[in-house]
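Heads up, the thing below is written out as structure tokens.
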Amino acid sequence: MSDERELMAERERKAAELRAAGRNPYANGFAPTHSMADLLARFPAPPPPAAEQKDGPKAAEPELLSEERFRIAGRIIAHRGFGKATFVKLRDHTGELQLYVKKDKVGDAEYEIWRKMERGDFVGATGPAMITRTGELTILAESVVVLTKAVRSLPEKWHGLSDVEIRYRQRYLDMIANPEVRAVFTKRAAIVRSLRRFFDQRGYLEVETPSMHTILGGAAARPFRTHHNALDLDLTMRIAPELYLKRLVVGGFDRVYEIGRNFRNEGLSRQHNPEFTMLEFYQAYATFTDLMDLTQRLFVELAGEVAGGPTFTYGGRPVDLSPPWPRIPMKDAVVTASTKGLLPGGLERPVLDDEAALLSWIESSGLGARADELGQGLRRSASHGERVATLFDQGGEASLPGDRPIFVVDYPAETSPLSRRNDADPSKVDRFELFIVGREHANAFSELNDPADQRARFQGQVDAKARGQEETMDYDEDYCRALEYGMPPTAGEGIGIDRLVMLLTDQPSIRDVILFPLMRPGE
RNA sequence: GGGCCCAUAGCUCAGCUGGUAGAGCUGCGGACUUUUAAUCCGUAGGUCGCAGGUUCGAACCCUGCUGGGCCCA
């Protein structure tokens with residue numbers, strides 16, 4: 001009788017018996033007067049019971065905390081029966097509260113019906129509050145109603161549900177069995193709420209831009225493709241909202257932000273889900289260095305609200321978000337990687353600063369011939385900047401410190417087609433990426449608003465695509481036209497919300513902060 | 001894409017060198033009106049992920065497949 005089908009049949013039999021007794025196992029219309037949290041707040045933790053009271057003779061009649069009657073409702077998550085009395089723990093979305101159902105309180109007939117209720121079912125109850133001998137706030141039921149009969153039983157009460165595959169595929173079960181999972185998503189909501197407040201307070205306008213695009217842009221990524229029938233139009237799901245948000249700056253919204261889903265047709269990993277949530281914001285008359293300051297404030301504020309302060313642990317290791325955060329030029333990170341052995345030796349700044357020197361270093365180090373991603377990336381690179389960026393991606397990133405946020409700066413212009421060139425050195429752009437615990441958390445730059453330069457950069461992307469690079473942007477003619485009407489000097493930034501939530505809630509996988517992560521279909 | 005690991009009852013897990021499947025929880029029957037993983041007695045529950053192969057004999061060894069996890073590129 002422990003086969004899954006038989007377990008269900010047993011519960012279905014109880015539901016049928018409830019029906020036969022005139023009770024709807026899916027009843028409606030019971031409105032609780034109080035949540036569990038309401039009552040826990042109303043009757044704070046009582047002093048521990050005196051030893052003699054606990055061990056002494058049982059009181060004939062429990063002592064009530066007040067004459068008031070409370071109506072509560074929730075799922076039975078623990079069930080301890082004694083024949084003529086039952087303790088159950090009820091859970092609602094605010095907390096858990098014990099309910100004590102006694103045969104002599106609810107009556108013989110009602111108690112017979114009550115006996116068909118078990119762990120997993122939803123019930124409503126009415127009664128006064130009391131403190132048990134063990135000191136626990138408890139509602140003493142004077143009446144109990146069946147609300148929902150669960151025909152599947154819950155996972156094991158002690159070990160719960162730990163199979164990660166079931167946890168992700170059946171998130172509802174995960175949430176029932178693992179309360180800390182609900183806490184993570186509650187914090188996620190708090191983070192998003194705080195983000196909105198942070199930007200609203202600073203005069204940013206929240207907007208919504210299209211998530212189906214006709215032109216691929218705003219990031220380097222492979223898209224999901226779809227089709228609109230009535231227009232017979234091929235579309236891609238957006239990989240970034242950037243070009244639309246900057247059109248709004250052209251239109252006169254000097255400060256805008258959008259929190260929304262992006263879609264990138266790439267592999268899955270602990271840090272990648274094909275659809276993920278991104279915050280992007282743009283501020284006219286600001287520069288990328290202004291955004292560094294804003295980013296520090298934002299992260300520290302969020303950590304204060306969610307992680308208990310600017311210092312916390314992630315994966316058992318300390319992280320300190322206290323500003324100011326160090327800045328490191330991309331090339332210096334590559335040099336460090338070479339020194340630390342993450343890349344072949346001999347990569348010094350003079351080599352990275354000179355195209356011919358770097359080419360000969362690549363030749364002599366043998367990297368250019370390697371079959372791995374680094375070798376392929378170097379061979380695909382058509383410019384000095386792309387080679388430097390490839391070395392950073394494939395080695396420099398790993399050399400960054402893990403316990404402090406770090407701004408990587410001095411990005412090459414060739415790999416940043418939407419960023420403003422640095423005034424002193426036009427080969428690089430006014431851009432930073434923020435790395436924390438070795439992961440990219442934000443990407444920001446002063447926006448390129450010179451339409452002629454923008455056209456040249458788009459053309460560079462088109463040329464790269466022609467050379468076989470897959471992750472390039474399309475030439476966005478209308479965006480160039482918008483810039484020709486004039487976009488004020490502007491800085492913008494994107495922050496990945498999922499990774500932010502991972503960091504602040506100490507979760508190891510992006511799947512732990514996305515309610516329904518993409519999974520291969522099961523059976 | 002490559003490497004390593006995992007898949008046994010509804011859940012959490014044992015299962016030795018190949019000898020024919022075990023526990024706890026859940027369920028069912030019983031006792032029990034202040035429990036906290038309630039307790040006690042009794043009882044039921046299996047396509048060992050799937051498909052092949054080796055063997056007298058496979059949960060266990062081999063191959064392939066499916067799903068998942070970790071690492072790498």
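Please read all numbers here as calculations on a predicted model, not as lab measurements. In what follows, chains are A, B, ... by sequence order, proteins preceding strands, each numbered from 1.
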(message) My understanding is that a pair needs two contacts under 3.5 Å, Watson-Crick or G-U wobble. By that rule, which nucleotide pairs with rG52(B)?
(response) rC62(B)
(message) Looking at I514(A), is its backbone amide N or carbonyl O close enough to the side chain of Y168(A) to form a donor-acceptor pair, meaning the two atoms are under 3.5 Å apart?
(response) no
(request) Could you say whether E118(A) or M130(A) is positioned toward the 5' end of RNA chain B, judged by the nucleotide with the nearest heavy atom to each? (result) E118(A)
(request) Find the distance L140(A):CG to rU33(B):P and express it as a whole number of Å. (result) 16 Å
(request) In whole angstrom, give me the gap between the P atoms of rC61(B) and rG18(B). (result) 8 Å
(request) List in numerical order all residues of residues 84-99 of chain A for which some heavy atom is under 4.0 Å away from an atom belonging to RNA chain B. (result) K84(A), A85(A), F87(A), Q98(A)
(request) If a pair satisfies ring pair (Phe, Tyr, Trp, His ring centres under 6.0 Å) and one of its residues is in residues 354-399 of chain A, list it, with sequence neighbours excluded. (result) F392(A)-F435(A)
(request) Quick one: list whatever passes salt bridge (charged side-chain N to carboxylate O under 4.0 Å, His left out) with D38(A), sequence neighbours left out. (result) none
(request) Using the C1' atom as the reference point in each nucleotide, state the distance between rG10(B) and rU26(B) in Å, no decimals. (result) 7 Å
(message) Can you check the distance between rU35(B) and rU20(B), where both ends of the measurement are the P atom (answer in whole Å)?
(response) 45 Å
(request) Kindly determine whether L347(A) and L358(A) satisfy side chain to side chain contact (heavy atoms under 4.5 Å, CB included), including the steps that lead there. (result) CA-CA 8 Å; L347(A) 264 184; L358(A) 181 60; 3.9 Å; yes
(request) Under the side-chain hydrogen bond (donor to acceptor under 3.5 Å, both in side chains) rule, collect the residues that match up with R404(A), sequence neighbours excluded. (result) none
(request) Determine the sole option in D506(A), I436(A), D403(A) for which the side chain to side chain contact (heavy atoms under 4.5 Å, CB included) test with Y314(A) is passed. (result) D506(A)
(message) Please name the nucleotide paired to rA38(B) by Watson-Crick or G-U wobble geometry with both distances under 3.5 Å, or report none.
(response) none
(request) Please state the C1' separation for the pair rG57(B) and rG64(B) - nearest whole angstrom. (result) 23 Å
(request) Quick one: list whatever passes side-chain contact (heavy atoms from CB on, under 4.5 Å) with D354(A), sequence neighbours left out. (result) A356(A), A357(A)
(request) Rounded off to whole Å, could you give me the CZ-to-P distance for the R520(A) and rG68(B) pair? (result) 5 Å
(request) Determine, for Y411(A) and R431(A), whether the Lys NZ or Arg CZ falls below 6.0 Å from the six-membered ring centre while staying within 45 degrees of the axis. (result) yes
(message) My understanding is that a pair needs two contacts under 3.5 Å, Watson-Crick or G-U wobble. By that rule, which nucleotide pairs with rA23(B)?
(response) rU12(B)
(message) Using whole Å, what does the distance between atom P of nucleotide rG46(B) and atom CG of L7(A) come to?
(response) 11 Å
(request) Could you please name the option among rG69(B), rU35(B), rC28(B) that lies closest to any side-chain atom of E10(A)? (result) rC28(B)
(message) Closest-nucleotide mapping onto RNA chain B: is L161(A) or R115(A) further toward the 5' terminus? I mean the 5' end.
(response) L161(A)
(request) Output the distance between atom CD1 (I362(A)) and atom CZ (R370(A)), rounded to the nearest 0.5 Å. (result) 11.5 Å
(request) Report which part of the nucleic acid M519(A) touches: base, sugar-phosphate, or nothing (heavy-atom distance under 4.0 Å, all strands). (result) sugar-phosphate
(message) Between rU12(B) and rA73(B), how far apart are the two C1' atoms, rounded to whole Å?
(response) 36 Å
(message) Tell me every residue that passes salt bridge (charged side-chain N to carboxylate O under 4.0 Å, His left out) with E12(A), counting only those two or more places apart in sequence or in another chain.
(response) none
Between the protein and nucleotides 70-73 of chain B, which nitrogen or oxygen pairs come in under 3.5 angstrom?
residue : atom : partner : partner atom : Å
rC71(B) : OP1  : R270(A) : NH2          : 3.3
rA73(B) : O3'  : D372(A) : OD2          : 3.3
rA73(B) : O3'  : E373(A) : N            : 3.1
rA73(B) : O2'  : E373(A) : N            : 3.3

(message) Checking contacts here: which listed nucleotide (rU34(B), rG68(B), rU12(B)) is nearest the side-chain heavy atoms of T132(A)?
(response) rU34(B)
(request) Please state how far atom OH in Y100(A) lies from atom C1' in rU34(B), giving the value in whole angstrom units. (result) 5 Å
(request) For rC25(B) versus rU33(B), give the span between their C1' atoms, rounded off to a whole number of Å. (result) 25 Å
(request) Using both distances under 3.5 Å as the test, list the Watson-Crick or G-U wobble partner of rG1(B), or none. (result) rC72(B)
(message) So R80(A), base contact, sugar-phosphate only, or nothing? Heavy-atom distance under 4.0 Å.
(response) base
(message) Taking salt bridge (Lys or Arg N to Asp or Glu O under 4.0 Å) as the cut-off, I'd like each qualifying pair that reaches into residues 70-90 of chain A, sequence neighbours left out, listed once.
(response) K89(A)-E136(A)
(request) Please name all residues satisfying ring-ring contact (aromatic ring centres under 6.0 Å, His included) with Y100(A), sequence neighbours left out, ordered by chain then number. (result) F87(A)
(request) Establish, with yes or no, whether the OP1 or OP2 oxygen of rU34(B) is under 4.0 angstrom from a side-chain nitrogen or oxygen of R133(A). (result) no
(request) Mind calculating the distance between CD (E12(A)) and P (rC28(B)) to the nearest angstrom? (result) 13 Å
For nucleotides 39-41 of chain B, which of its nitrogen or oxygen atoms have a protein nitrogen or oxygen under 3.5 Å away, and what is each distance?
none

(request) Report yes if a side-chain nitrogen or oxygen of K14(A) is closer than 4.0 Å to either non-bridging phosphate oxygen (OP1 or OP2) of rC28(B); otherwise report no. (result) yes
(message) Ignoring hydrogens and geometry beyond distance, is the side chain of K102(A) in donor-acceptor contact with the base of rU33(B) at under 3.5 Å?
(response) yes
(request) Can you tell me, in whole Å, how much space there is between the C1' of rG24(B) and that of rU39(B)? (result) 15 Å
(message) Measuring from the side chain of A78(A) (C-beta onward, heavy atoms only), which nucleotide among rG68(B), rC13(B), rA38(B) has the closest atom?
(response) rA38(B)
(message) Listing request: all side-chain hydrogen bond (donor to acceptor under 3.5 Å, both in side chains) pairs with a residue in residues 332-341 of chain A, at least two apart in sequence or in separate chains.
(response) D332(A)-R349(A)
(message) Let's test this: given Watson-Crick or G-U wobble pairing with both distances under 3.5 Å, identify the partner of rU33(B).
(response) none
(request) Round to a whole Å and report the spacing from CG of D3(A) to P of rG10(B). (result) 6 Å
(request) Would you indicate, yes or no, if rG10(B) has its OP1 or OP2 atom less than 4.0 angstrom from a side-chain nitrogen or oxygen of S153(A)? (result) no
(request) For rU17(B) and rC60(B), measure between their P atoms and round to the nearest Å. (result) 14 Å
(request) Could you tell me the separation between the CZ atom of R167(A) and the C1' atom of rG68(B), rounded to a whole number of Å? (result) 13 Å
(request) Round to a whole Å and report the spacing from CG of L65(A) to C1' of rU34(B). (result) 14 Å
(request) May I ask you to check whether T138(A) and Q98(A) show a side-chain donor-acceptor distance below 3.5 Å? (result) yes
(request) Could you pull out all residues at least two apart from E118(A) that satisfy side-chain hydrogen bond (donor to acceptor under 3.5 Å, both in side chains)? (result) K14(A), K149(A)
